[in-house]
Amino acid sequence: MTSTAMASSAQNTKKLDGLTLRYLVLIGLIVIASVGFSFANENFYSLTNIGILLRSIAVLFLLSMGMTFVMLTGGIDLSVGSNVAFSGGVGVIALTTTGSAFIGFAAAIFAGMAIGAVNGFFIGRLKLSAFMVTLATFALARGLALVIYDADSINVSNQTFLWLGGVSWGNMPVVIPFVALVFIALSVVLYKTTFGRDVYAAGSNFATAFVLGRRPEKTLVWVYVLSGALAGLSAIITVGRVSSGQPWAGLYLEFDAITAVILGGTSLFGGRGMLLGTILGVLLYGIIINGLVLTGTNPYLQSLIKGMILLGVVLLDTYTQRGKTA
Amino acid sequence: MPDLGRLLREKNIIFVTLALCLLFFLISPRFMSVENMSAISRQIVPIGLIALGQFFVVVSGNIDLSMGMGSVLFAILLGVCFGLTGGVAVGIVAVIVASLALGFLNGVLVAKLKLPAFIVTLSMLFMAQGLSGLIIPRGQQIFLMGGFFRFVGSEKFMGFYWSFLFLVVLFVLAYIVYNHTRWGSYVVAIGNSEENAKLAGINVDRVKIGIFMFSGLCSGFAGIMLSTRMGFVQPGLDGNGLLLDGIAAIIIGGTLILGGRGTIGGAFWGLLFIGVINNALNLLNVEDVWHQVFKGAVILAALGANWVLWQSRQAEAH
């Protein structure tokens, strides 16, 4: 964890090599998992099922990319799952009262950003621990969602609002190229802008970043706002996928996102990781979860398996990293 | 002599809680009735056990997210053992052993392998949730009947529920351990600075494992209390709500979330505060959907107050 974004180029190539190896392993595991599940379910490889699979993890792609930014700064965002329900609720209410899909879109994204701003204020400005603050907003956002929906779902029929999450071009859901676009945009932000370098700097060494005048506390605020905005986008996709707004949408999605990001090689302690790893992590994790659902696994067994995957990956990571630094 | 700031902080939450009681009494006179007061005293028992275990974890600068779902798992474990043997002795021994084992596992992963506590305990939360649904036949409830459950759940001694008295005794014991034993001061030392604690010759790993075993045991007790109060167990009980209430109680009670500072007395008043709020929300017929908003907001406000506390501590240090 001594390598920072500002480190020498020699260190950079070395860091990339370690990650490249991990990405190759991930790709291998993705292939193995797909083959395994294709035995369990012969429809696994059909184009339709791949479309369904990708659509079902589209939201996880977005949330995990936001989580990657957060975790690169050394933080965590437990509120994103609840935020999906909350911002979806705000968006659906705005849509049904005004009748304009675009006001609905804007309302959902702003609502997501508002929760993110609350997180960012408490974590960045007041320097409180990220998991405590986002645990509070985890409860708060879910509660607000329940209030907005009055604990009941609301059907949505506006085709423009449902377009992003619901429409397919042939076998290709439109949300897939959309996720790819978001990935490209966020990659540009992370690797080609000063903000991206500030994200790595804040996570590598907060004090040094502060001394160098990079204003890491401000970076933190924006990272959580970004995570919230992606939760708002995810809410729009979630509503589009099921044609209704649900107060319990996104339940425990933050947990899936954290697991996928760690799986993708982003360090829990900040400063190390890449968006590409997160994409591979989501793919592998998504295939496993989707496979468990397709094979009709008991949901309680699923959550046991999820917990074991998270703990296993963290254990493995710490073990290998410690081997390197020693 | 305790320092003035600490005393004042404890008094703050006392005043706020009493003021709230008065307010609720004015809105609904039934609030202050003896029946309602003893109902509150029984409702807060599982939350209080979670808060007590979490207190030591948080003072040492960690967090145990597995306590809520853990207690659901242990309640179900008790129920399953009861269903198999028809008695409670085996179940209680099983719960105590299992809860200590969970705490030990958390402690070793955090202390020895240096994994972040919130990730370790988050994964335990999900494993506990999964197990709680796997050890009981799907979609079933186990009803708990018999002397033990009636005794702990609804018998009183001198006007107080036995479960509440049990909680009070545990708080008193914890007070003594925290304030008057070497182990208690080790917990504070680790929360202030792990490095310094190590330099001072404290076996940090062992103390940390002990802290997590205690929080595990507390969630085991909470599970037992949960099952006696409800009279049945089933998967899908709201373990996370319990966890949040417990954390809220100690933060409201002035425990510094960054570790190193907090009082048992404050935690107890924070617990009463949460108990009064929970009870009043029900009594005043506030819609269910608002409860969680309220709790999230209360935790967030308490975190803000915590920040003020932290600032004053910084000011003291300079």
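Just so it is clear: chains get the letters A, B, ... in the order the sequence lines come, proteins before strands, and each one is counted from 1. All values reported here derive from a predicted model rather than from experimental measurement. These values consider heavy atoms only, across backbone and side chains, with no hydrogens, waters or symmetry-generated copies.
Closest approach of Leu303(B) to Leu128(A), counting heavy atoms only: O-CD1, 3.5 Å. Of all heavy-atom pairs spanning Ile251(B) and Met132(A), the tightest one is CD1-SD, 4.0 Å. In this structure, Leu304(A) and Leu134(B) approach most closely via the heavy-atom pair CD2-CD1, 3.8 Å. Listed here is the closest heavy atom pair of Ala297(B) and Leu140(A): N-CD1, 3.5 Å. Minimum heavy-atom separation, Leu310(A) to Ile119(B): CD2-O, 4.1 Å. Considering every non-hydrogen atom in both Ala139(A) and Gly296(B), the closest pair reads CB-CA, 4.2 Å.
Only the side chain of Leu244(B) comes within contact range of chain A, judged by heavy atoms closer than 4.5 Å. Residue Leu268(A) touches chain B through its side chain alone, counting heavy-atom pairs closer than 4.5 Å. When heavy atoms are compared at a cutoff of 4.5 Å, Phe255(A) approaches chain B solely by way of its side chain, counted from C-beta outward. Heavy atoms of Leu65(B) lying under 4.5 Å from chain A belong exclusively to its side chain.
Ring geometry, Phe126(B) versus Tyr252(A): the interplanar angle exceeds 60°, so the pair is classed perpendicular (tilted spans 30 to 60°).
Using a 4.5 Å heavy-atom cutoff, the side chains of Lys127(A) and Leu258(B) are not in contact. For the pair Leu122(B)/Ile258(A), a side-chain contact is recorded, criterion being any heavy-atom separation below 4.5 Å from C-beta on. Inter-residue side-chain proximity for Leu109(B) and Leu315(A) is flagged as met; some heavy-atom pair is nearer than 4.5 Å. Residues Phe269(A) and Pro116(B) are in side-chain contact: their nearest non-hydrogen atoms beyond the backbone lie under 4.5 Å apart.
In this structure, Arg142(A) CZ and Lys295(B) NZ are separated by 15.0 Å, a value rounded to the nearest 0.5 Å. Atom CD of Gln129(B) and atom NZ of Lys306(A) lie 9.0 Å apart (nearest 0.5 Å). Taking CG from Leu105(B) and CG from Leu311(A), the interatomic distance works out to 7.5 Å, rounded to the nearest 0.5 Å. For the atom pair OG of Ser82(A) and CD of Gln292(B), the computed distance is 7.5 Å after rounding to the nearest 0.5 Å.
Counting heavy-atom pairs under 4.5 Å between each of Ile262(A), Ile305(A), Asp150(A) and chain B puts Asp150(A) at the top. Most heavy-atom pairs under 4.5 Å with chain B, from the set Leu301(A), Val133(A), Ile309(A), Thr259(A): that is Leu301(A). The candidate with the highest count of non-hydrogen atom pairs below 4.5 Å against chain A, out of Ile299(B), Val120(B), Val293(B), Asn240(B), is Val293(B).
Within 6.0 Å of the CZ atom in Phe232(B), the count of heavy atoms belonging to other residues, nucleotides or ligands exceeds 12.
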